[in-house]
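Report on the structure given below.
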Amino acid sequence: MIIIDAGHGGTDPGACAGGIREKDWTLEVSLHQQSFLNNLGIQTVLTRTSDKGLTPIERTNLVKRCGGSICISNHFNAGGGKGAEVIHSIYSDGKLAKAAGHALTSAGMPLRRVFSRKGRDDRDYYFMHRLTGSVETLIVEYGFLDSTEDMAKLRALRLKLAESVALAVVKKTQSVYVVQAGAFQEKKRALTLCTELREKGYDAIIKEER
Ligand SMILES: [Zn+2]
């Protein structure tokens, strides 16, 4: 089971820039990750499924008590920077966070950094790490709402980016079985099959191999 946390919500809009409120996009990408993972047969739990406010305690209690062991906490940045960030606990080896960061880059969003942050009391700085017990929580900042460059990518790619993170997490925890539907010399035939599969509701892609 994978826990999906839509950052912010209710009276807490999170970052606001370019006419976008962070809480709306975190909910959108979280719901998308849920259906993406459910389609793969993987159970999910969301911290919120509507525009609802949660205190840090309410949010982290949900994460801690639902029985999952990995949490993706979805966020969008602001404050003058660009690129995606993945933040892991000071107690994590960072491998899962690096895998998520790599997936974001491959999906089209340059990676700013993967890091962990210690507070003054030597504990995790972020409550999503500090208060979620043994759950491995990744805080994913998909990009900066106040960066023109990031915004162009986020407007077009945010659902794909969210999928790539979800898939990276799944791959770290279990095998994923990829179905190949055919191999063709003519691109046209590949396109025809791809279209047919998409019409049937499959998430088909074409990969060129030499
Ligand atoms: Zn946030």
Side-chain angles (χ1 to χ4, degrees), residues 2-34 44-64 68 70-90 92 94 96-97 100-101 103-105 107 109-119 123-132 135-155 157-166 168-169:
I2 292 175
I3 309 157
I4 302 168
D5 172 42
H8 311 278
T11 53
D12 167 21
C16 296
I20 301 300
R21 295 180 301 186
E22 182 183 357
K23 68 170 184 175
D24 298 325
W25 273 11
T26 60
L27 181 60
E28 185 197 24
V29 298
S30 297
L31 290 169
H32 184 73
Q33 279 173 336
Q34 178 179 46
T44 50
V45 171
L46 263 73
T47 53
R48 64 181 180 97
T49 54
S50 62
D51 183 16
K52 180 186 163 189
L54 289 163
T55 64
I57 296 295
E58 285 168 338
R59 197 180 291 271
T60 51
N61 278 346
L62 273 169
V63 171
K64 249 189 323 202
I70 295 182
C71 172
I72 306 168
S73 184
N74 291 310
H75 288 264
F76 293 85
N77 238 328
K82 68 180 180 185
E85 295 185 332
V86 185
I87 314 156
H88 60 82
S89 163
I90 55 172
S92 161
L96 187 65
L104 285 165
T105 314
M109 178 57 84
L111 185 64
R112 189 170 189 240
R113 55 183 175 154
V114 173
F115 67 103
S116 63
R117 184 171 171 187
K118 221 181 232 188
R123 297 163 72 210
D124 265 302
Y125 175 82
Y126 295 101
F127 74 81
M128 281 306 291
H129 296 136
R130 206 170 55 240
L131 305 177
T132 48
V135 174
E136 174 151 26
T137 301
L138 296 183
I139 299 175
V140 181
E141 301 275 1
Y142 289 90
F144 283 76
L145 299 180
D146 55 352
S147 150
T148 322
E149 235 169 281
D150 278 10
M151 260 318 238
K153 294 193 180 86
L154 291 174
R155 283 189 194 280
L157 293 176
R158 62 187 182 282
L159 299 184
K160 272 278 161 226
L161 295 171
E163 270 179 31
S164 74
V165 169
V169 167

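Treat the numbers as computed from the prediction; the structure is a model and nothing was measured. In listed order, ligands and their atoms are each counted from 1.
- From Leu46, atom CG reaches atom OG of Ser30 across 5.5 Å, with rounding to the nearest 0.5 Å.
- Taking 2.8 Å as the threshold, Glu141 does not count as a candidate ligand of the Zn ion (ligand 1), since none of its N, O or S atoms lies below it.
- Between Glu85 and Val114 the shortest side-chain heavy-atom distance does not fall below 4.5 Å.
- In the displayed structure, Lys64 atom NZ is contacted under 6.0 Å by more than 12 heavy atoms of other residues, nucleotides or ligands.
- Counting only heavy atoms from C-beta outward, the side chains of Val63 and Met128 approach each other to under 4.5 Å.
- Counting just the N/O/S atoms of His75, the one with the shortest distance to the Zn ion (ligand 1) is named ND1.
- Within Glu22, the N/O/S atom positioned nearest the Zn ion (ligand 1) carries the name OE2.
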